[in-house]
There are 2 protein chains.
Amino acid sequence: MRDSSDKTPIWKAIANAVRGDLAEGRYAVGDKLPTEAALADRFGVNRHTVRHGISVLVEEGLVRTRRGAGVFVAATPTDYPIGNRVRFHENLIAAGRRPEKRMLALDERAATIGEAQALQIEAGDPVCAYHGLSLADGQPIAVFESLFPLLRLPRITSALSETSSVTQALGIAGIDDYTRASTRLTAVRATATQALLLQVSEGDPLLRSSSMNQCAAGAPVEYGRTWFAGDRITLTL
Amino acid sequence: MRDSSDKTPIWKAIANAVRGDLAEGRYAVGDKLPTEAALADRFGVNRHTVRHGISVLVEEGLVRTRRGAGVFVAATPTDYPIGNRVRFHENLIAAGRRPEKRMLALDERAATIGEAQALQIEAGDPVCAYHGLSLADGQPIAVFESLFPLLRLPRITSALSETSSVTQALGIAGIDDYTRASTRLTAVRATATQALLLQVSEGDPLLRSSSMNQCAAGAPVEYGRTWFAGDRITLTL
DNA sequence: CTTTCCTATACAACTATACATATCTTATCA
DNA sequence: TGATAAGATATGTATAGTTGTATAGGAAAG
């Protein structure tokens, strides 16, 4: 494979070869690459050398590894515009991706002091907590938790249990239109649970969006926090 | 230095997540948890990994499995180990929960007879009283009141106003290390104020811990009383 | 000599799949 | 109404495959 004039390391040559396969479109997004053992056999090298090459592609964001499963072609980051009307589904559909929302938990409880302050209610007032996972093309994009004031929206819990769409649920609950009153963004590190749900590594940076939506009358109807996988989403203002 | 990117195994993260659901009261005793397959789907992992995590909860006695039927809640509280070194934050972090502390009041006053006896000072000697609220994952866990002898620790009040960590404040005040000399536990009924802070009903049972911490030389440096929400915390010795 | 690259081995962690076994649900029949 | 059987559902067990990590060592270049 190598002649005397070839001074590029084997691991780099392997990275280039696999990157070339990806560029040629031999694999689609989500496809599984040959196993490390198979690649090592094909190139006639040790598995560690293959791993070194693949690690380059991981750094570049081209592929993603899943222990026990294999190496998979990663998706390209999605642009996600933010304005005063933010609708997750519509944004992703506009970007040509297939959105999906998975409910993780839906329950009613008492608001904490901070939550009460955000929703302009009294601490201890009942709220509806909607915890879920957002995906695009089957790949997890964000985890979110939305809080709704139950005293203003008594039927929101049952509405959410019927439709996963927040917009529709608010409509059922009597809110025909709402606008984003504020959005705050920070970068945080993924907790173990968040990392698990988003299929990233613990400690990886997440983009945390804290937002407040209000009805036409100006009363807060939703206090939402969303943690985006930083390497799969780019928020644009 | 502080960059400790601890890697939590997936099975442990799942155990922590489910334990958190139990502690938050999302399931009642006897309720059936989601099936292993459902949990595996939710977290995007293999069923075996979920089983590993659940086996931890079985060991802890929180859940019980019935072949062919499902996994059922056996108990709901959070474990909270107590030794001769008790650090609220570290215990909760070790349990996979997100601890938080809110200061409610910080002032200096004269010690009562009982407090003076506990701190081995003279009645009427000045003490620093630190009143606060401890939370885990946003849920109030306990209210506490810590007393510090001002004649031994003149700078403790200003130290506590800068950091919410008792350990750090004692360090600023010159106490590098301290150990728990005694712990006494009783069950009491929640007063109206305590019930409001802990988001329980007035009269609900609380676990009252009365503890004394001493410095390396053996002199008392803190006399603390903590009222735990009994349905959210179980102290293990 | 030290560093880098690569090989070699072993084990841990997680996945994938299949099948066994216990329980629950539902349809059916007397 | 009640009993029974069949099918669906859920946990228990087994086996093999794949990536992650640790350790050790040889070969070549600076």
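Sequence lines set the chain letters: A, B, ... in the order given, protein chains first and strands last, and positions in each chain run from 1. Since the model is a prediction, treat every value here as computed from it, not as a measurement.
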Separation of atom NZ in A/Lys12 from atom P in C/dC5, rounded to whole Å: 8 Å
According to the interplanar angle, ranging from 0 to 90°, do the rings of A/Phe144 and A/Tyr130 count as parallel (below 30°), tilted (30 to 60°) or perpendicular (above 60°)? perpendicular
Where the side chain of A/Thr35 is defined as all heavy atoms beyond and including C-beta, which of C/dT21, D/dT19, D/dT13 is the nearest nucleotide? D/dT19
To the nearest angstrom, the NE2-C1' distance between A/His52 and C/dA8 comes to 18 Å
Measure from the side-chain heavy atoms of A/Pro9 and tell me the nearest of D/dT11, C/dC5, C/dT15. C/dC5
Salt bridge present between A/Arg155 and A/Glu162 (N-O < 4.0 angstrom): no
A/His48 NE2 - D/dA24 P separation (whole Å): 14 Å
Kindly point out which of C/dC14, C/dA10, C/dT7 is positioned nearest to the side chain of A/Arg47? C/dA10
Can you check whether B/Thr49 has a side-chain N or O nearer than 4.0 Å to OP1 or OP2 of C/dA13? no
Just the rounded figure in Å: distance from C1' of D/dT19 to CD of A/Gln199. 15 Å
Under-4.0 Å side-chain N/O to phosphate OP1/OP2 contact, B/Arg66 with D/dT9: no
In whole Å, what is the span from the CD1 atom of B/Ile54 to the P atom of D/dA10? 13 Å
Starting at atom CG of A/Asn46, determine the distance to atom P of D/dA24, rounded to an integer number of angstrom. 17 Å
Would you mind telling me which of C/dA18, D/dT21, D/dA10 lies closest to the side-chain atoms of B/Lys32? D/dA10
So, OP1 or OP2 of C/dC14: does either fall under 4.0 Å of a side-chain N or O from B/Trp11? yes
What verdict does the side chain to side chain contact (heavy atoms under 4.5 Å, CB included) test give for B/Val45 and A/Leu196, after you've listed the backbone C-alpha separation in whole Å, the side-chain angles of each residue and the deciding distance to 0.1 Å? CA-CA 8 Å; B/Val45 300; A/Leu196 191 57; 3.8 Å; yes
Taken to the nearest whole Å, CD1/A/Ile10 to P/C/dT4 is 17 Å
Which of these nucleotides, D/dT11, C/dT15, C/dC24, is closest to any side-chain atom of B/Arg51? D/dT11
Over how many whole Å does the gap from A/Arg67 atom CZ to C/dC14 atom P extend? 6 Å
Applying side-chain contact (heavy atoms from CB on, under 4.5 Å) between A/Phe148 and each of A/Asn213, A/Ile175, A/Leu170, A/Thr157, report the one that passes. A/Leu170
Starting the side chain at C-beta, find the nucleotide from D/dG20, D/dG12, D/dT21 nearest to A/Glu36. D/dG20
State whether the side chain of A/Arg66 and the backbone N or O of A/Gln199 hold a donor-acceptor pair below 3.5 Å, judged by distance alone. no
